[in-house]
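Below is one structure, written out as C-alpha cells; comments come after it.
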Amino acid sequence: MTGPVKITSKTEVEEFLSKYDDFLFDCDGVLWQGDVLLPKVKETLDLLRARGKRLIFVTNNSTKSRKAYTKKFSKLGIDVTAEEIFGSAYSAAVYLKKVVKFPADKKVLVLGESGIEEELASEGIQFVGGTDPTLRRDIEPEDYDKIVPDPSIGCVLSGLDLHLNYLKLSMALMNLQVPDTLFLATNIDSTYPTHGKLFPGAGTMCAPLVLASKRQPISLGKPSKAMMDCVKAKFEFEPTRTCMVGDRLDTDIRFGQDGDLGTLLVLTGVNKESDILAEDAEIVPMHYMTKLGDIFELLN
Ligand code: PLP
Ligand code: CA
C-alpha cells in the first residue's frame, strides 16, 4: 500500500480536487475548533462551491439539530442550508423513520440534548426523557418501585447528555431488559475534544447500559455503516468521486474508508502527522494536509 499523500503544492491540490465531485466534511476540528473558525475555511468552501463541488457536512455532534447547526455556521460567516447538514441526531431520526419504520404509537426514551429532541420531532417521532427537567434529580427511595419497563417505549436512544444521572440510566436499563426495545446511540465517540482537552464522549453515556444490559447499541454516527447508508440514501453520491474530510482517524477516516470514499485528514483536530506515519498505524488516510484552508492558500 502506498503511504498517505501529503498535499503541499498547487499541483497536488489541483490533482486532489480533480478526483472528487462531492465532499463530506466533518465539522469540529476541520472547519472550526469550538467557536473559532479555522483560517481560510470560508475561502476554501467558497472556492469549492465555485468549482461546482457539492458540500455535505457530517457531524457526530448530536447536541444540536441541523437547524441549530445552520445558526452556528452563519455566526461564523459561512452560508449553508439545513439540507446540507447531516448530524448524528438527524441520522438517528432518519434511521428510526425510514429504516426501522418506528411505530407511530411508540416513544423513544432519549438520553441526550435538544438536538435529538428536535430531529425526532422533525420526523414525527414521539419521545420522552431528553431535556425533561423533572428527570434532573437524584433517585429517591420511592422511585425503585416506580421505575419499570414502559410498554409505550420502543427504543432507547443515547447521545451526549449533559445531565445524565442514575435516574435516567435506571429508566433506560429497565426498558433495555425488554428484548424488543431497540438500543440506538447517536454516536459512540470515546472522547469529546473541547477547550484543548478531552472530555468524555457520547460513547461513555451508553457504556454503563452496555455493561448492565449486555447489549450493544446500533450507532448512527461516524464511522457506522448505518450512518453511511442514511447519508447515501439522502444524497446519492458516487463513492469513488466523493471524499470524506476529517480530523479524526477512528471516526471520520474510518467512515470514509468503510464507505469506499476517498479520505483527507487535516491536522487541526484530534490526530497528528505522527499518528499516520507510525509503522503500526492502523487507519491511514489517502491524503492529508496541515489545514483545510491550505486548499485556498496553495491555489492563490
Ligand atoms: N459530540 C459532541 C457533543 C460535540 O460537541 C462534538 C463537536 O463539537 C462532536 C461530538 C464531534 O463533532 P464532529 O463530528 O463535528 O467532529
Ligand atoms: Ca471532528
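All ligand and atom numbering here is 1-based and tracks the order in the structure. Basis for what follows: all heavy atoms, side chains included, without hydrogens, waters or symmetry-related copies.
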> Polar-atom distance check: Tyr69 versus ligand 1, any N or O pair below 3.5 Å?
Replying inline: no
> Which ligand 1 atoms does Cys27 reach within 4.0 Å, using its non-hydrogen atoms?
Replying inline: 15 (O)
> Should you measure from each heavy atom of Lys222, which atoms of ligand 1 turn up under 4.0 Å away?
Replying inline: 14 (O)
> Are the side chain of Asp28 and the backbone of Gly34 linked by a donor-acceptor contact shorter than 3.5 Å?
Replying inline: yes
> What does the angle at the Ca ion (ligand 2) come to, between atom O of Asp28 and atom OD1 of Asp247, rounded to 10°?
Replying inline: 90°
> Just by modelled atom types, is the Val94 backbone N or O under 3.5 Å from a matching donor or acceptor in the Lys97 side chain?
Replying inline: no
>> At less than 4.0 angstrom from any non-hydrogen atom of Thr59, what atoms of ligand 1 do you find?
In response: 12 (O), 13 (P), 14 (O), 15 (O)
> For ligand 1, which atoms have a heavy atom of Thr63 less than 4.0 angstrom away?
Replying inline: 3 (C)
> Between Thr8 and Glu12, does any side-chain donor sit less than 3.5 Å from a side-chain acceptor?
Replying inline: yes
> Which N, O or S atom name in Asp26 marks its closest approach to the Ca ion (ligand 2)?
Replying inline: OD2
> Do Glu83 and Thr81 get their side chains close enough for a donor-acceptor pair, meaning under 3.5 Å?
Replying inline: no
>> Between Phe57 and Phe73, is the ring centroid distance below 6.0 Å?
In response: yes
>> How about CD on Glu15, more than 12 heavy atoms from neighbouring residues, nucleotides or ligands closer than 6.0 Å, or not?
In response: no
> Under 3.5 Å, N or O to N or O, is Asp247 touching ligand 1 that way?
Replying inline: no
> What about Asn61: any of its N or O atoms under 3.5 Å from an N or O on ligand 1?
Replying inline: yes
>> Any nitrogen or oxygen of Asp26 lying under 3.5 Å from a nitrogen or oxygen in ligand 1? Just yes or no.
In response: yes
>> Which residue and atom name correspond to the protein heavy atom nearest atom 7 (C) of ligand 1, and how close is it?
In response: Asp28 CB, 3.6 Å
>> Determine whether a donor-acceptor pair (N or O, by modelled atom type, separation under 3.5 Å) exists between the side chain of Thr181 and the backbone of Asn175.
In response: yes
>> Quick check against the 3.5 Å criterion: does Thr191 have a side-chain atom that pairs as donor or acceptor with the backbone of Leu198?
In response: no
